Amino acid sequence: MRRLAAILVTAAVTAGVLAGCGGEANWAEKCTTTKGVVECAPDQRTTVKAVSGELLDGGKYDLSQDSGKVVVVNFWGSWCAPCRAEADDLEKTYQATKDKGVAFIGVNSRDDKDAAREFERGRVTYPSIFDFDGKVGLQFDVTQVSTPATLIIDRQGRIAAALRQATTLTQLLPLVEKVAAESER
């Protein structure tokens with residue numbers, strides 16, 4: 001019963017997290033949306049404010065520590081079947097891009113720590129924030145963050161793309177590489 005109540009509270013909090021970024025209701029209108037993927041041109045991107053949280057394995061994460069990097073943020077839960085399906089593709093994308101100045105951070109929600117740690121074990125090598133109640137998701141100042149969902153933040157700290165569903169290597173890798181290449185010009 002406690003778990004159901006927690007899920008309902010978290011769902012209410014996160015149901016609001018990704019239709020618009022930066023608190024702008026028309027964010028998606030300014031960007032291109034195709035099959036659940038929102039991409040924004042550099043001049044249409046909204047800057048992410050300060051984001052921080054407790055890591056699953058201890059310690060703290062602060063988005064500012066990855067300043068100057070492309071940051072891929074994946075919202076997930078161990079209870080989420082699509083999250084299990086996309087985990088290998090996220091890890092492959094991370095491995096393919098980490099030497100190009102790309103960082104990955106997971107945001108785990110609606111889980112207990114043991115279940116979340118067990119889920120990660122053997123699936124991903126990048127860290128995750130423990131966000132049981134969805135407060136970290138709200139720090140991104142976006143609406144409609146579902147689980148799973150993925151944000152791609154450019155080197156200037158702006159949201160370049162948002163994927164509102166599970167992703168695959170063939171979908172995610174080109175998006176991450178495109179954003180990473182922007183700053184190399």
Side-chain angles (χ1 to χ4, degrees), residues 1-21 28 31 33-39 51 53-58 61 63 70-98 102-153 159-177 179:
M1 190 65 156
R2 179 177 176 251
R3 182 172 167 91
L4 175 60
I7 288 171
L8 293 175
V9 168
T10 303
V13 170
T14 59
V17 194
L18 201 104
C21 283
C31 303
T33 303
T34 308
K35 297 181 181 179
V37 178
V38 178
E39 288 186 78
V51 175
E54 174 191 350
L55 292 171
L56 267 175
D57 291 329
Y61 174 81
L63 185 62
V70 171
V71 181
V72 178
V73 182
N74 178 255
F75 296 86
W76 65 275
S78 67
W79 44 266
C80 166
C83 298
R84 281 191 271 293
E86 74 176 359
D88 288 343
D89 290 321
L90 286 158
E91 178 65 19
K92 287 176 185 173
T93 303
Y94 170 63
Q95 292 299 329
T97 60
K98 67 181 181 179
V102 177
F104 273 57
I105 185 75
V107 179
N108 169 261
S109 64
R110 302 185 299 200
D111 258 331
D112 66 61
K113 283 187 179 180
D114 290 338
R117 287 181 190 128
E118 184 59 34
F119 174 88
E120 274 196 330
R121 194 168 294 126
R123 282 191 173 95
V124 297
T125 58
Y126 54 86
S128 284
I129 297 170
F130 180 66
D131 186 31
F132 180 82
D133 55 10
K135 290 180 181 176
V136 173
L138 293 175
Q139 290 178 33
F140 284 95
D141 199 20
V142 294
T143 59
Q144 282 187 353
V145 168
S146 56
T147 304
T150 304
L151 300 175
I152 303 171
I153 300 169
I159 298 175
L163 294 87
R164 298 177 173 168
Q165 75 263 327
T167 190
T168 62
L169 179 69
T170 58
Q171 180 185 50
L172 184 61
L173 183 59
L175 288 170
V176 174
E177 288 177 332
V179 174

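Since the model is a prediction, treat every value here as computed from it, not as a measurement.
Within the 4.5 Å cutoff, side-chain heavy atoms of T93 are placed close to those of F104. Side-chain contact between L55 and I105: present, with at least one pair of heavy atoms (C-beta onward) separated by less than 4.5 Å. Side-chain atoms of Y94 and V124, non-hydrogen and from C-beta on, never get closer than 4.5 Å to each other. Side chains of V136 and F130 form no contact here, defined as non-hydrogen atoms less than 4.5 Å apart. Contact of the T150 side chain with the L172 side chain is registered, since non-hydrogen atoms from C-beta on lie closer than 4.5 Å. Taking the side chain as every heavy atom from C-beta outward, Y61 and L63 approach each other to under 4.5 Å.
Below 30°, between 30° and 60°, or above 60°: for W76 and F119 the angle between ring planes is below 30°, a parallel geometry.
E91 and T125 share a side-chain donor-acceptor pair at under 3.5 Å. With 3.5 Å as the limit, one finds no donor-acceptor pair spanning the side chains of N108 and E120.
Between Q139 and V51, the shortest heavy-atom distance links the atoms OE1-CA, 3.0 Å. Listed here is the closest heavy atom pair of K35 and Q165: O-OE1, 3.4 Å. Closest non-hydrogen pair, T167 versus E86, comes out as N-OE1, 2.9 Å. Of all heavy-atom pairs spanning V38 and C31, the tightest one is CG1-CB, 3.7 Å. Looking at every heavy atom in both residues, T147 comes nearest to C83 through CG2-SG, 3.7 Å. Between A96 and L173, the shortest heavy-atom distance links the atoms CB-CD1, 4.0 Å.
Distance CG/L56 to CG/D131: 10.0 Å, rounded to 0.5 Å. Atoms CZ and CZ, on R123 and R84 in that order, are 6.5 Å from each other to the nearest 0.5 Å. How far CD of E54 is from NZ of K113: 3.5 Å, rounded to the nearest 0.5 Å.
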Given the rule in the side-chain contact (heavy atoms from CB on, under 4.5 Å) test, do L163 and I152 qualify, once you have shown the distances and angles that lead to the verdict? CA-CA 8 Å; L163 294 87; I152 303 171; 4.3 Å; yes
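Screening D111, D112, D57 against R117 for a side-chain contact (heavy atoms from CB on, under 4.5 Å) leaves a single residue, D57.
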